[in-house]
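Data block below; observations after.
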Amino acid sequence: MTKTYICLRNVRFYAFHGVMPQEQQVGGEFLVDLQVGYPFEAAMQSDEVADTLNYAELYDLVKTEMAIPSQLLEHVAGRMVKSINQRFPKVTSIDLKITKVNPPMGADGDGAGIHILIEN
């Protein structure tokens, strides 16, 4: 069985997610890494965008959800998953990571975030 995926890698957003009031006012940088299982075997033969999941449309969906401020990245991820499944019913899996690049936790690192893997 062949598994095929559409990917968005380390897409940067400036957004206003966070529990702390300052995060909601000042905002911060976030990275989204998304891999969506999608059967695009037909596009491999046809060379037609209609036979695949258009990654520009996927990006627009992610951008829309990232623009809605939330306290929790879990909530943002839940909205993304719901929107992806509604917009693209042929999706077979979603592997999503959202990273807050500079979280207010007093640690020296590359960020903190969430990772969700859903297999439909």
- Message: For Ile94 and Ile116: C-alpha separation, side-chain torsions, deciding distance, then whether side chain to side chain contact (heavy atoms under 4.5 Å, CB included) applies.
- Response: CA-CA 8 Å; Ile94 299 172; Ile116 184 169; 5.5 Å; no
- Under the side-chain hydrogen bond (donor to acceptor under 3.5 Å, both in side chains) test, which residues partner Ser83, sequence neighbours left out? Glu65
- Query: So which pairs with a foot in residues 43-74 pass ring pair (Phe, Tyr, Trp, His ring centres under 6.0 Å), sequence neighbours left out?
  - Reply: Phe13-Tyr59
- Single-linkage hydrophobic cluster, 4.5 Å side-chain cutoff, Ile114 and Leu31 together: no
- For Glu74, enumerate each residue passing the salt bridge (Lys or Arg N to Asp or Glu O under 4.0 Å) test, keeping only those at least two apart in sequence or located in another chain. none
- For Asp33, enumerate each residue passing the side-chain hydrogen bond (donor to acceptor under 3.5 Å, both in side chains) test, keeping only those at least two apart in sequence or located in another chain. Arg9
- Task: Using the test side-chain contact (heavy atoms from CB on, under 4.5 Å), find all partners of Glu48 that sit at least two apart in sequence or belong to another chain.
- Result: Ser46, Asp51
- Query: When clusters are formed by joining ILVMFWY residues with side-chain heavy atoms under 4.5 Å apart, either directly or through shared neighbours, do Ile118 and Tyr5 land in the same one?
  - Reply: no
- May I ask whether Val101 and Met66 are part of the same hydrophobic cluster, defined by side-chain heavy atoms of I, L, V, M, F, W, Y residues being less than 4.5 angstrom apart, directly or through others? no
- Interatomic distance, Leu73 atom CG to Met80 atom CE [nearest 0.5 angstrom]: 9.0 Å
- Query: Considering residues at least two apart in sequence or located in another chain, which fulfil the side-chain contact (heavy atoms from CB on, under 4.5 Å) criterion with Asp110?
  - Reply: none
- Task: Output every pair passing ring pair (Phe, Tyr, Trp, His ring centres under 6.0 Å) with a member in residues 63-116, not counting sequence neighbours, ordered by first then second residue.
- Result: none
- Message: Quick test of your reading: applying side chain to side chain donor-acceptor pair (under 3.5 Å), list the pairs with at least one residue in residues 18-32, sequence neighbours left out, ordered by first then second residue.
- Response: Arg12-Glu29, Glu23-Lys100
- Would you name the heavy atoms of Gly111 and Pro103 that are closest together and state the gap between them? CA-CD, 4.0 Å
- Note on the structure: Hits for side-chain hydrogen bond (donor to acceptor under 3.5 Å, both in side chains) against Asn85, two or more places apart or cross-chain, chain-then-number order -> Asn120
- Apply side-chain contact (heavy atoms from CB on, under 4.5 Å) to Glu119 and list each qualifying residue two or more places apart in sequence or on a separate chain. Ser93, Leu117
- Message: Under the rule for side-chain contact (heavy atoms from CB on, under 4.5 Å), what residues qualify as partners of Thr64, not counting sequence neighbours?
- Response: none
- Report the distance from atom CG of Leu61 to atom CG of Asn54, rounding to the nearest 0.5 Å. 12.0 Å
- Residue pairs fulfilling ring pair (Phe, Tyr, Trp, His ring centres under 6.0 Å) with at least one residue in residues 15-49, sequence neighbours excluded: Tyr14-Phe16, His17-Phe30
- Working to the nearest 0.5 Å, report the span between OG1 of Thr4 and CG of Leu53. 10.0 Å
- Could you check Leu96, Leu8, Val76, Asn10 and say which one makes a side-chain contact (heavy atoms from CB on, under 4.5 Å) with Val32? Leu96
- Test item: Leu58 and Val36 side chains (from C-beta on) under 4.5 Å apart, heavy atoms: yes
- Item | Main-chain N/O of Ile68 paired to Arg79 side chain as donor or acceptor, under 3.5 Å | yes
